J.: 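There's a structure below that I have some questions on.
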Protein chains: 2
Amino acid sequence: MANEAGGGTRRTRAERSDSVRNRERLLVAARALFATDGLHAPLDRIATTAGVGPGTLYRHFPTRLALWEAVLEEPLRAQLDLVERALANPDRWTGLAGYLLETCAHEAERGGYLNLMTTRFDGAPRLSELRRQIQRRIVELISRARTEGVIRPDFTTEDLVFLTLSNSRVAEVTRDVAPGAWRRNAELFLDSMRPERAHPLSQPPLQPSEVALTMTRPAPRKPLSEED
Amino acid sequence: MANEAGGGTRRTRAERSDSVRNRERLLVAARALFATDGLHAPLDRIATTAGVGPGTLYRHFPTRLALWEAVLEEPLRAQLDLVERALANPDRWTGLAGYLLETCAHEAERGGYLNLMTTRFDGAPRLSELRRQIQRRIVELISRARTEGVIRPDFTTEDLVFLTLSNSRVAEVTRDVAPGAWRRNAELFLDSMRPERAHPLSQPPLQPSEVALTMTRPAPRKPLSEED
DNA sequence: CTCTTAACGGAGGCATCACTCCGTTAAAGT
DNA sequence: ACTTTAACGGAGTGATGCCTCCGTTAAGAG
């Protein structure tokens with residue numbers, strides 16, 4: 001009640017214009033460098049690119065995670081949108097297949113954001129919550145497709161995540177040379193999901209506890225490689 | 001004629017025992033650290049692990065590439081063996097499927113050696129030559145399987161390499177939690193290769209020039225990730 | 001226009017890693 | 001045992017990246 005915007009005993013000072021501007025610049029720079037150089041792009045370089053000193057970066061985003069939180073929320077929401085639209089599709093197969101391809105496309109574009117779905121964001125509750133929501137929808141997506149028989153009965157949610165994860169490596173390797181090459185690979189994956197082609201799998205699906213661990217592994221140190 | 005072992009005007013000095021011993025120690029340490037920490041494990045740490053000074057390491061292996069050359073030859077030969085054995089198998093499908101699974105197993109074990117087949121080794125002619133040999137056999141393996149109709153007709157050599165590449169990511173992510181989980185993924189891949197009821201692929205195979213570029217990308221900077 | 005103060009930014013400390021130089025050690029030949 | 005000399009190893013240099021401290025600047029309020 002006290003100290004609210006404009007109503008307290010002590011007025012909250014308005015945010016300084018340069019502060020707002022710098023924050024925005026930092027986010028732009030971070031988005032760019034995360035995409036090209038990965039989620040561990042040098043912070044000093046992000047600051048330089050934004051045209052501010054390192055001190056300013058750390059004032060706005062005390063940790064790398066804070067910066068991730070600010071930058072990654074949008075792509076995660078986009079991902080959530082993707083699942084929602086897949087769920088809305090009455091044709092289960094088309095919905096699911098479209099989801100896989102679009103997710104792969106999503107990751108192929110933003111090379112640096114690779115594997116958002118399997119990256120741990122401890123200390124970034126908003127991101128963690130988003131990831132949880134997305135995963136819930138994927139479970140739904142798979143279970144519906146399975147009950148309607150458009151995918152093989154032994155196919156699980158984790159299998160799907162692993163397929164997108166798998167494809168991200170191909171996207172990573174081919175992005176400079178043949179930017180669309182991942183699609184062919186992903187379409188092969190689609191055929192591996194179909195019920196009429198299924199052969200028994202020797203390996204049982206992961207235990208729930210294993211899934212939890214695997215899906216929340218720490219963020220990769222250096223997802224992309226450069227010259228040698 | 002002159003200066004040969006024992007026959008020249010000036011005798012070639014025999015190799016010092018400590019030199020041989022240290023070289024061996026360095027190789028042991030390098031093998032271990034490459035496997036656990038990736039092909040870019042700190043050289044100083046390799047030296048320390050081997051119980052020698054950094055100077056000694058650089059004397060034996062002036063560049064990181066020289067160390068790779070010494071360490072990676074054996075696994076590449078093993079890989080060559082794998083293809084040979086697959087080719088020797090009269091049952092084309094079993095041979096090919098076995099090759100895929102064993103290759104994936106191979107990469108899953110030696111996490112640090114990931115994607116030997118798509119890593120460039122400029123300046124290491126022996127490794128490059130080995131890789132070329134392996135690739136030639138794979139082409140043979142695929143073409144035989146295709147003409148005998150045990151795989152889909154639109155499946156190419158690069159598709160196979162990309163599948164193993166894909167799976168390596170899964171192996172990487174699951175190795176600590178569920179070391180065998182990659183196999184399920186790889187078996188899904190097998191189903192995507194089968195000829196029956198294959199669905200058309202929208203993307204044409206890579207151009208030979210694109211293949212060459214993709215298959216010889218620089219070695220990854222930090223293949224593995226640790227705590228965060 | 002003046003004052004207050006938050007925001008700025010960069011110099012610099014610390015850690016890691018690649019790589020070298022050189023005084024010391026000890027292996028091998030006599 | 002003595003000599004020669006290759007091999008040793010670690011201190012040291014430079015580069016990179018993380019992060020902080022603090023003197024300076026300028027935004028916003030009055």
Side-chain angles (χ1 to χ4, degrees), chain A residues 5-6 8-27 29-30 33-34 36-68 112 219-228, chain B residues 5-6 8-27 29-30 33-34 37-68 123 218-228:
Chain A
T9 52
R10 194 182 287 241
R11 281 196 49 73
T12 322
R13 195 175 270 278
E15 225 175 340
R16 272 176 60 161
S17 58
D18 55 349
S19 174
V20 185
R21 179 168 38 82
N22 281 335
R23 188 189 151 86
E24 201 44 51
R25 281 185 186 175
L26 281 167
L27 287 177
L33 288 183
F34 283 167
T36 58
D37 298 1
L39 287 179
H40 280 86
L43 294 179
D44 285 20
R45 214 147 81 77
I46 292 179
T48 306
T49 305
V52 305
T56 301
L57 186 154
Y58 281 93
R59 196 171 319 105
H60 284 285
F61 308 102
T63 66
R64 188 182 285 272
L65 185 65
L67 190 52
W68 284 351
R221 277 258 166 261
K222 294 263 182 182
L224 291 184
S225 42
E226 11 255 283
E227 38 47 65
D228 204 49
Chain B
T9 52
R10 196 181 286 242
R11 282 196 47 76
T12 321
R13 194 174 270 280
E15 226 176 339
R16 272 176 58 162
S17 59
D18 53 349
S19 175
V20 186
R21 179 170 37 82
N22 281 334
R23 186 190 153 86
E24 201 45 51
R25 280 186 185 174
L26 280 166
L27 286 177
L33 288 183
F34 283 166
D37 297 2
L39 287 179
H40 279 87
L43 294 178
D44 285 21
R45 214 148 82 76
I46 292 179
T48 306
T49 306
V52 306
T56 301
L57 187 154
Y58 282 94
R59 195 170 321 104
H60 284 285
F61 308 101
T63 66
R64 186 181 287 273
L65 186 64
L67 190 52
W68 284 351
R221 276 260 166 259
K222 294 261 185 183
L224 290 183
S225 41
E226 12 254 283
E227 39 45 68
D228 206 47

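So that the names make sense, note that chain A is the first sequence line, chain B the second, and so on, each numbered from 1. This structure is a prediction, so every number in the text was calculated from the model and none was measured.
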J.: For the residue pair B:Leu26 and B:Thr49, establish whether any side-chain heavy-atom pair is separated by less than 4.5 Å.
T.: no
J.: In residues 55-64 of chain B, which residues come under 4.0 Å of DNA chain C by heavy atom?
T.: B:Gly55, B:Tyr58, B:Arg64
J.: Of all the nucleotides listed (C:dA27, C:dC19, D:dC8), which has the minimum atom distance to the side chain of B:Pro54?
T.: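 Closest nucleotide to the B:Pro54 side chain: C:dC19.
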J.: Can you confirm whether B:Phe61 sits close enough to B:Thr56 that some side-chain heavy atom of one is under 4.5 Å from a side-chain heavy atom of the other?
T.: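 No, too far: nothing below the 4.5 Å cut-off.
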J.: Between B:Glu15 and B:Asp44, which has a closest nucleotide on DNA chain C that is more 5'?
T.: B:Asp44
J.: Under the 3.5 Å rule, do the base of C:dA6 and the side chain of A:Arg16 count as making a donor-acceptor pair?
T.: yes
J.: Heavy atoms only, 4.0 Å cut-off, all strands: where does B:Asp18 land among base, sugar-phosphate and nothing?
T.: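 Result for B:Asp18 = sugar-phosphate.
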J.: From CG of B:Leu26 over to P of D:dA7, roughly how many Å is that when rounded to an integer?
T.: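 In whole Å, D:dA7 P lies 14 Å from B:Leu26 CG.
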J.: If you check every side-chain atom of A:Val52, which of C:dC8, D:dG17, C:dG9 has the closest atom?
T.: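 The closest nucleotide is C:dG9.
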J.: Tell me: CD of B:Glu24 to P of D:dA7, nearest whole Å?
T.: 17 Å
J.: Is the backbone of A:Leu57 close enough, under 3.5 Å, to the side chain of A:Arg23 for a donor and an acceptor to pair up by distance?
T.: no
J.: Compare side-chain N and O positions of B:Asn22 against OP1 and OP2 of D:dC8 and report whether any pair is under 4.0 Å apart.
T.: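 Answer yes for this pair, as a side-chain N or O of B:Asn22 is under 4.0 Å from OP1 or OP2.
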J.: Test your reading of the model: is there a side-chain donor-acceptor pair from B:Thr48 to the backbone of B:Asp44, 3.5 Å cut-off?
T.: yes
J.: Check for a donor-acceptor pair, side chain of A:Arg21 on one end and backbone N or O of A:Arg16 on the other, with a separation under 3.5 Å.
T.: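 The answer is no, because no donor-acceptor pair under 3.5 Å joins these two groups.
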J.: Return the value, rounded to whole Å, for the distance between atom CG of A:Leu65 and atom P of D:dC19.
T.: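 In whole Å, D:dC19 P and A:Leu65 CG are 12 Å from each other.
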J.: Nearest whole angstrom, please: distance from the P of C:dT16 to the NE2 of A:His40.
T.: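 A:His40 atom NE2 is separated from C:dT16 atom P by 16 Å.
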J.: Is the distance from OP1 or OP2 of D:dG28 to the nearest side-chain N or O of A:Ser17 less than 4.0 Å?
T.: yes
J.: Could you tell me the separation between the CG atom of B:Leu43 and the P atom of D:dG9, rounded to a whole number of Å?
T.: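 Spelled out: CG on B:Leu43 to P on D:dG9 is 16 Å.
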J.: Could you give the CG-to-P distance, from B:Leu33 to C:dC17, as a whole number of Å?
T.: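 Distance, rounded to whole Å: 11 Å.
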J.: With a 4.5 Å limit on heavy-atom distance, are the side chains of A:His60 and A:Val52 in contact?
T.: no
J.: Just how far, in rounded Å, is P of C:dC17 from CZ of B:Arg45?
T.: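 Answer to the nearest Å: 7 Å.
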J.: Mind calculating the distance between CZ (A:Arg21) and P (D:dT25) to the nearest angstrom?
T.: 17 Å
J.: Just wondering, do B:Phe34 and B:His40 contact through their side chains at under 4.5 Å, heavy atoms?
T.: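 They are not in side-chain contact.
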